[in-house]
Asker: 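Can you read through this structure? Questions will come right after.
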Amino acid sequence: MPFIRETIVTTRHASGDTHIAPMGVRERGRELIVAPFRPSATLENLQRDGCAVINYPDDVRVYAGCLTGRRDWPVCDAERIPVMRLRDCLAHTEIEVARMENDELRPRFHCRIVHEATHAPFHGFNRAQAAVIETAILVSRLHMLDDEKIDAEIAYLRIAVDKTASGREREAWAWLMAAIAAHRHRPSRPTP
Ligand SMILES: Cc1cc2nc3c(=O)[nH]c(=O)nc-3n(C[C@H](O)[C@H](O)[C@H](O)COP(=O)(O)O)c2cc1C
């Protein structure tokens, strides 16, 4: 199985605006692989520009926020590529696409590292942060999951949040719980 880092990928829209999206990035030696499902703004931007920034924030509100319509996180210039990075991240990696492996469902961008920098110390793992990221992934897949599966996962992940969260993780958790509730109460589609 590949080693996957759950990161925040920033890319540039054709308009010049920054696009911010959580993405799992696979490591293969010095090569990093970004694999967005179609359709995806990250995919379009990577295809057009051929570069992106992989950001490593410890504020998990960015992950939960992007999944719940809160994509407006502070950004600043990267060093070597014309894409903005998250201003508040522990570290970031600037990448260029070396080759694209096309696929109808999920193309893969094989990328080389052009620059890396560290901005703040890593202070260790936190269970609530891991639980928020896991729940954000769950929220990105709500359309594929039944209520029983969602409830079981939430019941388990909530334990770590209740025991170990700071205010940031609690806020992120609340956004995700609201998204799950909204998903459940969405108007059902009229039957044809
Ligand atoms: C931790 C995490 C990892 C994710 N990894 C991926 C991924 O590797 N590929 C993908 O297509 N979506 C992934 N998602 C879901 C996307 O972030 C989400 O669907 C997003 O809107 C992608 O579309 P966009 O590029 O148009 O923003 C992930 C979500 C989370 C919370």
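Note that these values count all heavy atoms, side chains included, but never hydrogens, waters or copies made by symmetry. Counting convention: from 1, in listed order, for ligands and their atoms alike.
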Asker: For Arg168, is there an ion pair with Glu171 - N to carboxylate O distance below 4.0 angstrom?
Answerer: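 Salt bridge absent between Glu171 and Arg168.
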Asker: To which of Arg141, Met23, Arg71, Glu44 does the heavy atom nearest atom 21 (O) of ligand 1 belong?
Answerer: Arg71
Asker: Could you tell me which atoms of ligand 1, counted from 1 in the order shown, lie closer than 4.0 angstrom to a heavy atom of Leu67?
Answerer: 31 (C)
Asker: Atom 17 (O) of ligand 1: protein heavy atom closer than 4.0 Å?
Answerer: yes
Asker: Given Val75 and Ile20, is the side-chain contact (heavy atoms from CB on, under 4.5 Å) satisfied, shown in steps?
Answerer: CA-CA 10 Å; Val75 291; Ile20 304 179; 4.1 Å; yes
Asker: Distance from Asp88 atom CG to Arg61 atom CZ, nearest 0.5 Å?
Answerer: 9.5 Å
Asker: Starting from atom 19 (O) of ligand 1, which protein heavy atom do you reach first, and at what distance in Å?
Answerer: Ser140 CB, 4.8 Å
Asker: Among Arg26, His19, Glu6, which residue places a heavy atom closest to atom 27 (O) of ligand 1?
Answerer: His19
Asker: With a heavy-atom distance limit of 4.0 Å, tell me whether Cys66 approaches ligand 1 through its side chain, its backbone, both, or neither.
Answerer: neither
Asker: I'd like to check which ligand 1 atoms, numbered from 1 as shown, lie under 4.0 Å from a non-hydrogen atom of Ala136.
Answerer: 31 (C)
Asker: Run Arg38 and Arg106 through side-chain contact (heavy atoms from CB on, under 4.5 Å) and show every step you take.
Answerer: CA-CA 6 Å; Arg38 292 183 189 278; Arg106 194 178 194 186; over 6 Å; no
Asker: Is there at least one pair of N or O atoms, one from Ala41 and one from ligand 1, spaced under 3.5 Å apart?
Answerer: yes
Asker: Should Ser40 be counted as touching ligand 1, given the test is an N or O pair under 3.5 Å?
Answerer: yes
Asker: Scan the protein's non-hydrogen atoms and note whether one is under 4.0 Å from atom 10 (C) of ligand 1.
Answerer: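 So atom 10 (C) of ligand 1 has protein heavy-atom neighbours under 4.0 Å.
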Asker: Using side-chain contact (heavy atoms from CB on, under 4.5 Å), reason through Glu6 and Glu134 one step at a time and then give a plain yes or no.
Answerer: CA-CA 10 Å; Glu6 303 305 343; Glu134 209 53 50; over 6 Å; no
Asker: To the nearest 0.5 Å, tell me how far Ile113 CD1 sits from Glu96 CD.
Answerer: 11.5 Å
Asker: Which of the atoms of ligand 1 are close to Phe37, meaning less than 4.0 Å from one of its heavy atoms?
Answerer: 10 (C), 11 (O)
Asker: With a sphere of 6.0 Å drawn around CZ of Phe122, does it hold more than 12 non-hydrogen atoms of other residues, nucleotides or ligands?
Answerer: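 More than 12 within 6.0 Å, yes.
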Asker: Which of the numbered atoms in ligand 1 are under 4.0 angstrom from any heavy atom belonging to Ala21?
Answerer: 27 (O)
Asker: Heavy-atom contacts with Ile137 under 4.0 Å: which atoms of ligand 1 show up? List them by number with element.
Answerer: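 By the 4.0 Å cutoff, the relevant atoms are 1 (C), 2 (C), 30 (C), 31 (C).
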Asker: Please write down residue, atom name and distance for the protein heavy atom closest to atom 30 (C) of ligand 1.
Answerer: Pro22 CB, 3.5 Å
Asker: Just to check, does Arg106 reach to within less than 4.0 Å of ligand 1 when the distance is taken from its heavy atoms?
Answerer: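 Within the 4.0 Å threshold, so yes.
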Asker: Record the part of Val139 in heavy-atom contact with ligand 1 below 4.0 Å; permitted values are side chain, backbone, both and neither.
Answerer: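 Within the 4.0 Å criterion, Val139 makes no contact with ligand 1.
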Asker: Please say whether the positively charged group of Arg87, taken as NZ for Lys or CZ for Arg, lies over the ring of Trp73, i.e. under 6.0 angstrom from the six-membered ring centre and within 45 degrees of the axis.
Answerer: no
Asker: For ligand 1, which atoms sit closer than 4.0 Å to a heavy atom of Gly24?
Answerer: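 Listed by number with element: 3 (C), 4 (C), 5 (N), 6 (C), 7 (C), 8 (O).
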Asker: Step by step, would you call Ile95 with Val53 a side-chain contact (heavy atoms from CB on, under 4.5 Å)?
Answerer: CA-CA 6 Å; Ile95 55 170; Val53 179; over 6 Å; no
Asker: Hey, are the side chains of Arg26 and Arg5 touching, using non-hydrogen atoms and a 4.5 Å cut-off?
Answerer: no
Asker: With side-chain hydrogen bond (donor to acceptor under 3.5 Å, both in side chains) as the test, pick out the partner of Thr11 among Asp49, Asn45, Thr42, Thr18.
Answerer: Asn45
Asker: Answer with yes or no whether Arg108 contacts ligand 1, where contact means a heavy atom under 4.0 Å from a ligand atom.
Answerer: no
